[in-house]
*Asks:* 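To start, I am sharing the structure in question, which I have written as structure tokens.
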Amino acid sequence: MLKLPKADHTLEAYSLTGTPLVPRAPRIALTRTAFAAAHVVSDPLRERNPWDTRPAVDWDATLAFRKGLWDQGLGLAEAMDTAQRGMGVDWLTAKELIERTMPAAKAHPLKPRVACGAGTDHIALADLKDSDAILAAYETQASAIEAAGGQLILMASRGFTAIKADRGLYRKVYRRLIDGAAEPVILHWLGDMFDPALSGYWGTTDVGQASDFVLDLIAENPAKVDGIKISLLDQAHEEAFRGRLPAGVRLYTGDDFNYAALIEGDGEHYSHALLGIFAAIAPAASQALEALAEGDRETYHRLFAPTVPLSREIFRAPTRFYKAGIAFLSWLNGYQTHFIMPAGFQSSRDITHYAQVFRLADQAGLLIRPDLAVHRMRTLLALHGIE
């Protein structure tokens with residue numbers, strides 16, 4: 001029995017009620033492409049001045065977490081926002097992460113797909129003064145990713161919004177990146193709820209105008225665009241947008257609030273997945289997608305339904321702090337020995353939030369090792385004066 005804090009500042013007695021899901025490989029091939037965006041596990045024994053220096057990474061635990069995702073039939077979105085890019089993890093660390101991940105993926109028996117984030121975060125914003133500087137920064141990272149054997153995800157760059165780029169500048173840079181890539185790329189439209197510095201991306205704050213621009217950009221060379229990840233937390237927009245995509249170009253949902261309905265589809269169109277929440281709910285995600293592939297929509301909804309409240313809590317405003325919930329569940333489930341994040345990011349959420357994540361993960365069957373989860377939750381509560 002635990003004493004968990006509630007939003008009204010009181011404590012409640014709580015005992016586990018969920019039946020843990022058992023992580024396993026899918027029985028059949030999935031009908032949706034599913035990338036889980038994974039976090040980075042710190043090495044707290046090597047951390048020195050964590051706010052001012054490169055993070056110390058526990059590479060063994062970081063790669064073991066990824067192998068666990070692959071074992072369940074999921075692909076990997078590497079070195080993305082979930083890995084704290086620009087929020088504690090720098091490009092050199094991300095580059096090393098990619099270079100370590102790609103050989104591990106190629107050696108894995110399920111041959112998982114891995115796509116990697118290319119951005120401009122190794123260059124200071126003050127030095128990203130024009131299209132040439134932004135393009136050169138992207139190309140540096142893209143070259144490193146392709147040399148490692150990774151597919152490109154063209155991450156949204158703060159460089160564009162910092163100089164108030166117009167759509168002509170966006171087109172110039174993205175045209176060169178898309179056309180010059182070794183294989184089809186995944187575009188990345190990240191809303192300002194995930195990163196306030198990206199407000200006005202694509203040269204406008206009007207979502208309709210931005211959509212028209214991006215669709216035109218894709219239509220100019222659809223053979224070189226695998227798909228686009230949209231993270232705007234707007235189901236209606238995503239449904240309308242995907243219906244306008246050229247044939248063969250995927251919509252990868254980044255909507256951590258409405259993914260179940262978007263992945264299922266409307267009978268004519270459906271979304272694939274590139275989601276941070278899939279790293280936290282991997283057993284439910286894998287087994288729900290398996291059920292969908294088998295035509296068992298009842299099981300699909302039964303597995304996904306309790307994960308949606310959990311995801312909405314992890315991604316609640318300020319949404320950009322969601323990475324803390326991902327790492328928290330990794331710790332509860334024994335995938336890492338501690339709850340320390342690069343740049344001390346675990347402090348971005350409070351104990352009431354973590355208590356609610358614990359409750360909802362239990363109810364979704366996602367506390368895989370219940371006794372360990374209770375022990376670790378009790379430890380965290382004690383650190384907050386709750387015993």
*Asks:* Mind running side chain to side chain contact (heavy atoms under 4.5 Å, CB included) on Leu251 and Phe241 for me, showing each step along the way?
*Replies:* CA-CA 8 Å; Leu251 192 301; Phe241 189 99; 3.8 Å; yes
*Asks:* Side-chain contact test, heavy atoms from C-beta onward, threshold under 4.5 Å: evaluate it for Ile218 versus Leu245 and give yes or no.
*Replies:*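 Counting from C-beta outward, Ile218 and Leu245 do come under 4.5 Å.
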*Asks:* Work out which heavy atom in Ala144 is nearest to a heavy atom in Lys95; give both atom names and the distance.
*Replies:*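 In this case the closest contact between Ala144 and Lys95 is CB-CE, 3.9 Å.
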*Asks:* Using side-chain heavy atoms (C-beta onward) and a distance below 4.5 Å, is Ile123 in contact with Thr140?
*Replies:*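 Sidechains of Thr140 and Ile123: no contact.
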*Asks:* What I want to find out is whether Arg100 reaches Asp60 closely enough, with some N-O distance under 4.0 Å, to be called a salt bridge.
*Replies:*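 Salt bridge: no.
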*Asks:* Treating Arg242 as the side-chain partner and His237 as the backbone partner, does any N or O pair qualify as donor plus acceptor under 3.5 Å?
*Replies:*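 No: the side chain of Arg242 does not pair with the backbone of His237.
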*Asks:* Tyr300 side chain to Ala260 main-chain N or O, any donor-acceptor pair under 3.5 Å?
*Replies:*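 Side chain of Tyr300 to backbone of Ala260: a pair is present.
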*Asks:* Decide yes or no on side chain to side chain donor-acceptor pair (under 3.5 Å) for Tyr322 and Thr82, but give the supporting numbers first.
*Replies:* CA-CA 8 Å; Tyr322 75 87; Thr82 307; 2.8 Å; yes
*Asks:* With no hydrogens and no angle check, just 3.5 Å: does a side-chain donor-acceptor pair link Ser271 and Thr253?
*Replies:*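 Looking only at side-chain atoms, Thr253 and Ser271 do not form any donor-acceptor pair under 3.5 Å.
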*Asks:* Where do Arg359 and Asp362 land on the salt bridge (charged side-chain N to carboxylate O under 4.0 Å, His left out) test, with the steps shown first?
*Replies:* CA-CA 5 Å; Arg359 291 185 192 92; Asp362 168 40; over 6 Å; no
*Asks:* Count the heavy atoms belonging to other residues, nucleotides or ligands that lie under 6.0 Å from CZ of Arg176, then report whether that count exceeds 12.
*Replies:*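 Check fails, neighbour count at 12 or below.
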*Asks:* In terms of hydrophobic clusters joined by side-chain contacts under 4.5 Å, are Leu198 and Phe213 together?
*Replies:*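 Both belong to a single hydrophobic cluster.
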*Asks:* Under 3.5 Å, is there a donor on one side chain and an acceptor on the other for Lys229 and Ser231?
*Replies:*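 Yes, a side-chain donor-acceptor pair sits under 3.5 Å.
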*Asks:* Under the side chain to side chain contact (heavy atoms under 4.5 Å, CB included) rule, what do Tyr259 and Val308 come out as? Steps first, then yes or no, please.
*Replies:* CA-CA 8 Å; Tyr259 50 89; Val308 173; 3.9 Å; yes
*Asks:* Apply side chain to side chain contact (heavy atoms under 4.5 Å, CB included) to Trp59 and Leu97, showing your working.
*Replies:* CA-CA 8 Å; Trp59 293 113; Leu97 175 63; 3.8 Å; yes
*Asks:* Is the number of heavy atoms from other residues, nucleotides or ligands under 6.0 Å of His384 NE2 greater than 12?
*Replies:*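 More than 12 within 6.0 Å, yes.
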*Asks:* Less than 3.5 Å apart, any donor N or O on the side chain of Asp192 or Tyr201 sitting next to an acceptor on the other?
*Replies:*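 There is no such pair (donor and acceptor under 3.5 Å, judged by atom type) between the side chains of Asp192 and Tyr201.
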*Asks:* Under the criterion ring pair (Phe, Tyr, Trp, His ring centres under 6.0 Å), which of Phe328, Phe278, Phe65, Phe339 is the partner of His39?
*Replies:*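 Only one of Phe328, Phe278, Phe65, Phe339 forms a ring pair (Phe, Tyr, Trp, His ring centres under 6.0 Å) with His39, namely Phe65.
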*Asks:* Okay, side chain of Gln72, backbone of Gly68: is any donor-acceptor separation there less than 3.5 Å?
*Replies:*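 Between the backbone of Gly68 and the side chain of Gln72 there is a qualifying donor-acceptor contact (under 3.5 Å).
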*Asks:* Give a yes or no on whether the backbone of Ala282 and the side-chain of Ser286 come within a donor-acceptor separation of less than 3.5 Å.
*Replies:*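 Side chain of Ser286 to backbone of Ala282: no pair is present.
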*Asks:* Salt bridge (charged side-chain N to carboxylate O under 4.0 Å, His left out), that's the test. Do Arg302 and Glu298 meet it? Break it down for me.
*Replies:* CA-CA 6 Å; Arg302 176 177 58 79; Glu298 180 180 352; over 6 Å; no
*Asks:* Treating Lys323 as the side-chain partner and Gln84 as the backbone partner, does any N or O pair qualify as donor plus acceptor under 3.5 Å?
*Replies:*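 Side chain of Lys323 to backbone of Gln84, a donor-acceptor pair under 3.5 Å: no, none is there.
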*Asks:* Which atoms form the tightest heavy-atom contact between Leu69 and Ala279, and what is the distance?
*Replies:*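 Closest pair (atom of Leu69, atom of Ala279, distance): CD2-CA, 4.1 Å.
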*Asks:* Test Asp195 against every option in Arg320, Arg158, Arg85 by the salt bridge (Lys or Arg N to Asp or Glu O under 4.0 Å) rule and name the one that passes.
*Replies:*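 When salt bridge (Lys or Arg N to Asp or Glu O under 4.0 Å) is applied between Asp195 and each of Arg320, Arg158, Arg85, only Arg158 qualifies.
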*Asks:* State, without any angle test, whether Gln151 and Arg113 hold a side-chain donor-acceptor pair at a distance under 3.5 Å.
*Replies:*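 On atom types as modelled, these side chains qualify, holding a pair under 3.5 Å.
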*Asks:* More than 12 heavy atoms of other residues, nucleotides or ligands under 6.0 Å from CG of Asp8: yes or no?
*Replies:*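 Yes, because the 6.0 Å sphere around CG of Asp8 holds more than 12 heavy atoms from other groups.
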*Asks:* Quick one: closest heavy-atom pair of Ile277 and Ile326, and the distance?
*Replies:*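 So the two residues come closest at CA-CD1, 4.3 Å.
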*Asks:* Of all the heavy-atom pairs spanning His108 and Asp71, show the shortest one and how long it is.
*Replies:*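 So the minimum-distance heavy-atom pair works out to NE2-OD1, 2.6 Å.
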*Asks:* Check whether the side chains of Asp121 and Gln141 place a donor and an acceptor atom closer than 3.5 Å, and report yes or no.
*Replies:*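 The criterion, which ignores hydrogens and geometry beyond distance, is satisfied for Gln141 and Asp121.
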*Asks:* Within a strict 4.5 Å, meaning less than it, do heavy atoms of the Leu372 and Leu332 side chains meet?
*Replies:*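 When only atoms from C-beta onward are counted, Leu332 and Leu372 do not touch, as no gap falls below 4.5 Å.
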*Asks:* Within the distance-only criterion (no hydrogens, no angle test), does the side chain of Ser347 pair as donor or acceptor with the backbone N or O of Gly344 below 3.5 angstrom?
*Replies:*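 Such a contact is found between Ser347 side chain and Gly344 backbone.
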*Asks:* Ring centres under 6.0 Å, that's the criterion: do Tyr174 and Phe160 meet it?
*Replies:*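 Yes: the rings meet the under 6.0 Å criterion.
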*Asks:* Which is it for Glu239 and Arg244 under the salt bridge (charged side-chain N to carboxylate O under 4.0 Å, His left out) test, yes or no, and what are the steps along the way?
*Replies:* CA-CA 9 Å; Glu239 289 171 338; Arg244 299 171 63 193; over 6 Å; no
*Asks:* What I'd like to find out is whether the side chain of Pro23 reaches to under 4.5 Å of the side chain of Ile368, using heavy atoms alone.
*Replies:*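 Of all side-chain heavy-atom pairs linking Ile368 with Pro23, at least one is under 4.5 Å.
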*Asks:* Any side-chain donor-acceptor pair under 3.5 Å between Lys172 and Ser131?
*Replies:*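 Result is yes, a qualifying pair exists.
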*Asks:* Show the numbers, then the answer: is there a side chain to side chain contact (heavy atoms under 4.5 Å, CB included) between Leu2 and Val374?
*Replies:* CA-CA 8 Å; Leu2 295 170; Val374 168; 4.1 Å; yes
*Asks:* Would the distance check show the side chain of Ser42 and the main-chain N or O of Pro44 forming a donor-acceptor pair, the cut-off being under 3.5 Å?
*Replies:*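 Between the backbone of Pro44 and the side chain of Ser42 there is no qualifying donor-acceptor contact (under 3.5 Å).
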*Asks:* Between Trp189 and Tyr252, does the ring-ring contact (aromatic ring centres under 6.0 Å, His included) criterion hold? Intermediate values first, please.
*Replies:* CA-CA 10 Å; Trp189 186 353; Tyr252 290 101; over 10 Å; no
*Asks:* Are a donor atom and an acceptor atom from the side chains of Asn333 and Arg376 found within less than 3.5 Å of each other?
*Replies:*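 No pair is found: no donor N or O on one side chain lies under 3.5 Å from an acceptor on the other.
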*Asks:* Taking the side chain as C-beta and beyond, is there a heavy-atom pair between Leu367 and Leu16 under 4.5 Å?
*Replies:*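 Yes, close enough: below the 4.5 Å cut-off.
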*Asks:* Would you say that more than 12 heavy atoms from the other residues, nucleotides or ligands in this model lie under 6.0 Å from the NZ of Lys164, or not?
*Replies:*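 For Lys164, atom NZ is not crowded (no more than 12 foreign heavy atoms under 6.0 Å).
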*Asks:* Please report the shortest heavy-atom distance between His188 and Ile153, naming the atom on each side.
*Replies:*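 Smallest heavy-atom distance, with atoms named: CB-CG2, 4.1 Å.
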*Asks:* Measure from the ring center of Tyr354 to the ring center of Trp331 and say whether it is less than 6.0 Å.
*Replies:*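 No; Trp331 has its ring centre 6.0 Å or more from that of Tyr354.
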*Asks:* Atom NZ of residue position Lys106 - does it have more than 12 heavy atoms of other residues, nucleotides or ligands inside 6.0 Å?
*Replies:*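 More than 12 within 6.0 Å, yes.
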*Asks:* What's the shortest heavy-atom distance between Ala284 and Thr307, and which atoms?
*Replies:*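 It is CB-CG2, 3.7 Å.
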*Asks:* Leu190 versus Ile230: any side-chain heavy-atom pair under 4.5 Å?
*Replies:*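 SC-SC contact between Leu190 and Ile230 ruled out.
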*Asks:* Check whether any side-chain heavy atom of His375 sits under 4.5 Å from a side-chain heavy atom of Asp371, and report yes or no.
*Replies:*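 A side-chain contact is absent here, since even the closest heavy-atom pair is not under 4.5 Å.
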*Asks:* Look at the aromatic rings of Tyr170 and Trp202 and report parallel, tilted or perpendicular, splitting at 30° and 60°.
*Replies:*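 Tyr170 and Trp202: tilted rings.
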*Asks:* Tell me, do Val57 and Thr93 make a side-chain contact under 4.5 Å, heavy atoms counted?
*Replies:*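 They are in contact (side-chain heavy atoms under 4.5 Å apart), so the answer is yes.
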*Asks:* Does CD in Glu183 sit with more than 12 non-hydrogen atoms of other residues, nucleotides or ligands closer than 6.0 Å?
*Replies:*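 Yes, because the 6.0 Å sphere around CD of Glu183 holds more than 12 heavy atoms from other groups.
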*Asks:* Any carboxylate oxygen within less than 4.0 angstrom of a Lys/Arg side-chain nitrogen, looking at Asp256 and Arg312?
*Replies:*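 Looking at Asp256 and Arg312, the cut-off is not met.
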*Asks:* Would Glu387 and Lys3 satisfy salt bridge (charged side-chain N to carboxylate O under 4.0 Å, His left out), going step by step from the backbone distance to the final call?
*Replies:* CA-CA 7 Å; Glu387 297 188 76; Lys3 292 181 180 178; over 6 Å; no
*Asks:* Please check if the side chain of Arg297 supplies one atom and the backbone of Leu292 the other of a donor-acceptor pair under 3.5 Å.
*Replies:*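 Checking the backbone N and O of Leu292 against the side chain of Arg297, no donor-acceptor pair under 3.5 Å is found.
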